[in-house]
Asks: 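The following block contains the structure, expressed as structure tokens.
Just so it is clear, the model here is predicted, and its values are computed rather than measured. Worth knowing before you read on, the calculation uses all heavy atoms, side chains too, and leaves out hydrogens, waters and symmetry mates.
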Amino acid sequence: MKKIGIMMLLVWIVFLSGCTSHKEMNSPSLKAFREQVSQAIPEIKSLKTVALPTRVTFRYTFETKPDLSVQQDIVKRTDSYMRTENFETEVLASYYEAFSKEDRLPPDIVVAMDTDENGEANFEYLASFQQDGEWTWSYSDYQNKAEKVTLP
């Protein structure tokens, strides 16, 4: 009986260790950004923003895959927003409070696009903060090696 109890405890620990904490992001400037980008790009069905321990994800949902110009427009708008003081004082401050209290390492910023409404992104653009203080964007379709992207 004692062995079964120990096994159940181990299973429970393994189960809990697989859970990743996340935080739904919501702030006045983020709400304004969502409204602005949704009005500018009507193909967007929804936009949710979630923080995870190493990233802040903007998850865009579409009925069909947007063309490259729409994708680039979304990435440029997100890039512009993440360089604002409101992003720093609201979104990043909330992220740091939840995940990076002491070292305040900037998270990766992910623009994930779900193009078939199944709840999973089909591809993403990722901005990483570099040592020189700049953000560098890359694109991944989750099948090939990520490639660096230069915004037009």
Asks: Just grab all the ring pair (Phe, Tyr, Trp, His ring centres under 6.0 Å) pairs involving residues 99-118, residues at least two apart or on different chains.
Replies: Tyr95-Phe99
Asks: Test of understanding: with side chain to side chain contact (heavy atoms under 4.5 Å, CB included), list the residues that count as partners of Ser80, not counting sequence neighbours.
Replies: none
Asks: Looking only at non-hydrogen atoms, find the nearest pair between Val110 and Glu124 and report the distance.
Replies: CG1-OE1, 3.3 Å
Asks: Looking at residues at least two apart in the chain, or sitting in another chain, which of them share a ring-ring contact (aromatic ring centres under 6.0 Å, His included) with Phe123?
Replies: Tyr139
Asks: Supply the atom-to-atom distance Glu43 CD to Thr115 OG1, rounded to the nearest 0.5 angstrom.
Replies: 13.0 Å
Asks: Do you know which two heavy atoms are closest between Ser21 and Pro53, and how far apart they sit?
Replies: O-CD, 3.5 Å
Asks: Run the side-chain contact (heavy atoms from CB on, under 4.5 Å) test on Ser94 and Lys23 for me, step by step, so that the C-alpha distance in whole Å, both residues' side-chain angles and the decisive distance to 0.1 Å come before the verdict.
Replies: CA-CA 9 Å; Ser94 180; Lys23 177 180 174 73; 2.8 Å; yes
Asks: Enter the distance from Leu30:CG to Glu24:CD here, rounded to the nearest 0.5 Å.
Replies: 10.5 Å
Asks: Residues two or more places apart in sequence or in another chain: which of them pass side chain to side chain contact (heavy atoms under 4.5 Å, CB included) with Asn118?
Replies: Asp114, Asp116, Glu120
Asks: Could you check whether atom CD of Gln36 has more than 12 heavy atoms from other residues, nucleotides or ligands sitting under 6.0 Å from it?
Replies: yes
Asks: Got Val111 and Trp137 here, is their nearest side-chain heavy-atom distance under 4.5 Å?
Replies: yes
Asks: Check salt bridge (charged side-chain N to carboxylate O under 4.0 Å, His left out) between Asp141 and all other residues, then give those that pass, not counting sequence neighbours.
Replies: none
Asks: Between the main-chain N or O of Ser29 and the side-chain N or O of Asn86, is there a donor-acceptor pair closer than 3.5 Å?
Replies: no
Asks: If I compare all heavy atoms of Asp73 with all of Ile41, which pair ends up nearest, and what's the gap?
Replies: OD2-CD1, 3.6 Å
Asks: Mind checking what makes side chain to side chain contact (heavy atoms under 4.5 Å, CB included) contact with Pro42, not counting sequence neighbours?
Replies: none
Asks: For Tyr96, give me all partners under ring-ring contact (aromatic ring centres under 6.0 Å, His included), at least two apart in sequence or on another chain.
Replies: none
Asks: Strictly by salt bridge (Lys or Arg N to Asp or Glu O under 4.0 Å), give each pair with a member in residues 27-42 just once, sequence neighbours left out.
Replies: none
Asks: Could you pull out all donor-acceptor pairs under 3.5 Å where a side-chain atom in residues 54-62 meets a protein atom, sequence neighbours excluded?
Replies:
| residue | atom | partner | partner atom | Å |
| --- | --- | --- | --- | --- |
| Tyr60 | OH | Thr78 | OG1 | 3.1 |
| Thr61 | OG1 | Ser46 | OG | 3.2 |

Asks: Show the atom names and distances, to 0.1 Å, of all donor-acceptor pairs under 3.5 Å that link a side chain in residues 125-133 to residues at least two apart or in another chain.
Replies:
| residue | atom | partner | partner atom | Å |
| --- | --- | --- | --- | --- |
| Tyr125 | OH | Gln71 | OE1 | 2.6 |
| Ser128 | OG | Asp108 | OD1 | 3.3 |
| Gln130 | NE2 | Ser128 | O | 3.2 |
| Asp132 | OD1 | Glu134 | N | 3.0 |

Asks: Using the test salt bridge (charged side-chain N to carboxylate O under 4.0 Å, His left out), find all partners of Glu117 that sit at least two apart in sequence or belong to another chain.
Replies: Lys45
Asks: Can you name the nearest heavy-atom pair linking Ser27 to Tyr81, along with the distance?
Replies: OG-OH, 4.2 Å
Asks: What residues form a side chain to side chain donor-acceptor pair (under 3.5 Å) with Arg83, not counting sequence neighbours?
Replies: Asp79
Asks: Is there side-chain contact between Glu147 and Ser138, with heavy atoms separated by less than 4.5 Å?
Replies: no
Asks: Going hydrophobic residue to hydrophobic residue with side-chain gaps under 4.5 angstrom, can you get from Ile109 over to Tyr142?
Replies: no
Asks: Are Val75 and Val149 close enough that some pair of their side-chain heavy atoms sits under 4.5 Å apart?
Replies: no
Asks: Go through it in stages, so that I can follow the logic: the residues are Asn122 and Met113, the test is side-chain contact (heavy atoms from CB on, under 4.5 Å), and I'd like the CA-CA distance, side-chain angles, deciding distance and then a yes or no.
Replies: CA-CA 6 Å; Asn122 300 86; Met113 298 191 191; over 6 Å; no
Asks: Rounded to the nearest 0.5 Å, what's the gap from NZ on Lys48 to CE on Met25? Could you check?
Replies: 15.5 Å
